S.K.: 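Structure provided below as structure tokens; questions to follow.
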Amino acid sequence: MKIIIHGGFFSESSTDLKTKTAKQEALTAIVKQSYEYLKTHTATETVVYAVSLLEDDVLFNAGTGSQIQSDGQIRMSAALMDGTTQKMSGVINIQDVKNPIQVAEQLMPYDDRVLGGEGATAFARKNGFAEYSTETPERRAEFEKKLAATGTGTVGCVALDANGKIAVATSTGGKGFEMVGRISDSATVAGNYANAFCGISCTGVGEDIVSNATAAKIVTRVTDGMPICDAFDKTFEELKPYDGFAGAIGIDARGKICHRDSHPSMVFASFDGDNVEVFG
Ligand code: ASP
């Protein structure tokens with residue numbers, strides 16, 4: 001059993017030591033709690049559990065504490081992928097729900113598994129998700145001061161369960177100040193992808209991640225036999241010609257954990273049952 005989570009990148013507005021320590025502590029606690037959960041649950045159940053905890057923590061830009069878009073509203077995106085069934089479900093630009101990842105989970109049994117905008121929000125209401133404002137005073141103050149554009153803090157989790165199954169979940173409040181209708185990478189195969197060989201969750205500038213097809217590319221390379229960390233290296237090399245801003249976490253079927261970032265400030269933690277590795 002293995003698990004790795006990420007909490008996006010440090011924003012320029014929050015590089016202070018206090019925030020860094022708070023994020024290290026939060027990620028360490030959540031990765032350990034999620035590992036305990038993994039002992040008695042599947043990889044798919046566990047990534048939803050871990051991402052829900054991250055969404056509920058206001059330190060991160062997903063669920064409660066999401067960034068505000070250019071029109072003053074919050075729209076969130078989240079996706080879940082089960083590496084064994086190779087099915088992905090997701091919501092794009094959903095509004096006023098506490099845990100977008102849980103709405104994505106609810107969509108998994110349907111033929112229409114990725115819903116956007118009003119359709120996603122209506123599906124959530126129909127399925128018992130109460131109206132819930134994910135705005136915090138801190139994000140509103142950042143928005144008013146036009147500071148949020150420097151901040152990222154998407155969350156993600158990849159887990160390998162006791163039966164050797166892999167799953168991945170990613171959730172975001174977007175990049176802040178985006179145009180209405182923008183679609184981030186998080187609920188696409190560029191930002192969130194898994195199969196029986198590997199699972200990958202990304203963070204960073206959505207457009208750069210989509211341009212590079214980052215998660216799908218790493219998974220494909222591992223599937224074709226490339227060692228996971230080599231697949232990360234090659235894929236991150238390909239971001240360089242356009243200075244792509246991205247970070248990714250992943251686990252392969254043998255339990256090898258890997259992470260990379262193009263601009264080294266990704267916030268992550270992993271746990272293998274013995275050791276926690278947390279960003280420094
Ligand atoms: N990837 C997200 C987006 O572009 C932002 C992030 O990772 O923090 O919307």
Side-chain angles (χ1 to χ4, degrees), residues 4-15 19 23 26-27 51 54-55 57-71 73-79 81 90-95 100-101 104 114 116-117 120 134 138-139 142-143 147-158 168-193 200-218 235-236 239 242-250 259-268 279:
I4 182 164
I5 59 176
H6 73 72
F9 279 87
F10 256 143
S11 70
E12 283 166 29
S13 58
S14 64
T15 44
T19 310
K23 287 196 173 186
L27 288 178
V51 166
L54 290 160
E55 285 177 337
D57 192 321
V58 294
L59 282 173
F60 304 107
N61 171 29
T64 306
S66 285
Q67 305 247 29
I68 299 173
Q69 299 196 338
S70 56
D71 65 345
Q73 302 216 29
I74 293 175
R75 296 177 185 82
M76 302 164 288
S77 298
M81 186 151 185
V91 289
I92 295 174
N93 290 330
I94 194 167
Q95 292 190 271
I101 193 63
V114 183
T134 54
E138 291 77 17
R139 292 296 187 198
E142 283 177 350
F143 176 79
L147 278 177
T150 57
T152 55
T154 294
V155 303
C157 177
V158 187
V168 54
T170 307
S171 181
T172 189
K175 62 180 185 182
F177 288 104
E178 56 268 79
M179 286 167 64
V180 175
R182 173 186 181 261
I183 290 170
S184 83
D185 61 293
S186 304
T188 73
V189 299
N192 185 85
Y193 198 67
I200 301 289
S201 170
C202 296
T203 180
V205 175
E207 288 71 7
D208 293 350
I209 295 165
V210 167
S211 299
N212 188 41
T214 308
K217 217 188 246 180
I218 296 173
T235 306
F236 273 75
L239 284 162
Y242 54 96
D243 193 27
F245 190 111
I249 57 171
H259 56 83
R260 293 278 183 277
D261 42 15
S262 61
H263 296 68
S265 49
M266 187 176 62
V267 168
F268 69 90
F279 75 101

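Everything numeric here is computed off the predicted structure, so don't read it as measured data. Just so you know, ligand 1 is whichever comes first in the structure, and atom 1 is the first atom listed for that ligand.
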S.K.: Supply the atom-to-atom distance Ser201 OG to Ile4 CD1, rounded to the nearest 0.5 angstrom.
M.R.: 9.5 Å
S.K.: Provide the number and element of each atom of ligand 1 under 4.0 Å from a heavy atom of Lys175.
M.R.: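 So the atoms of ligand 1 that pass are 9 (O).
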S.K.: Which residues pass the ring-ring contact (aromatic ring centres under 6.0 Å, His included) test with Phe279, not counting sequence neighbours?
M.R.: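 With sequence neighbours excluded, Phe279 shows a ring-ring contact (aromatic ring centres under 6.0 Å, His included) to Phe10, given in chain and number order.
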S.K.: Taking the minimum heavy-atom distance to atom 4 (O) of ligand 1, which of Glu178, His6, Met76, Arg182 ranks first?
M.R.: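 Looking at heavy atoms only, Arg182 sits closest to atom 4 (O) of ligand 1.
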S.K.: What are the atoms of ligand 1, with element, lying closer than 4.0 Å to any heavy atom of Gly204?
M.R.: 1 (N), 2 (C), 3 (C), 4 (O), 5 (C), 6 (C), 7 (O)
S.K.: Could you work out, with ring-ring contact (aromatic ring centres under 6.0 Å, His included) as the rule, every residue matching Tyr193, not counting sequence neighbours?
M.R.: none
S.K.: Mind checking whether Gly174 has a heavy atom under 4.0 Å from ligand 1?
M.R.: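 Distance cut 4.0 Å: Gly174 passes for ligand 1.
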S.K.: Thr172 pairs by side-chain contact (heavy atoms from CB on, under 4.5 Å) with which of Ser66, Pro100, Ser186?
M.R.: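 That would be Ser186; it is the only one of Ser66, Pro100, Ser186 passing the side-chain contact (heavy atoms from CB on, under 4.5 Å) with Thr172.
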S.K.: I'd like to check which ligand 1 atoms, numbered from 1 as shown, lie under 4.0 Å from a non-hydrogen atom of Thr203.
M.R.: 6 (C), 7 (O), 8 (O)
S.K.: Using heavy atoms and a threshold below 4.0 Å, how should the contact between Met266 and ligand 1 be classified: side chain, backbone, both, or neither?
M.R.: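 Neither; nothing of Met266 gets under 4.0 Å from ligand 1.
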S.K.: Heavy-atom distance to atom 6 (C) of ligand 1: which of Val205, Asn61, Thr154 wins?
M.R.: Thr154
S.K.: Tell me the closest heavy-atom pair linking Phe245 and Ile209, and the distance in Å.
M.R.: O-CG1, 4.3 Å
S.K.: Does any N or O atom in Gly206 lie less than 3.5 angstrom from one in ligand 1, N or O only?
M.R.: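 Indeed, backbone or side chain, Gly206 has an N or O that close.
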S.K.: Can you tell me how far CD of Gln67 sits from CG of Asn61, rounded to the nearest 0.5 angstrom?
M.R.: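 Result: 4.0 Å between the selected atoms.
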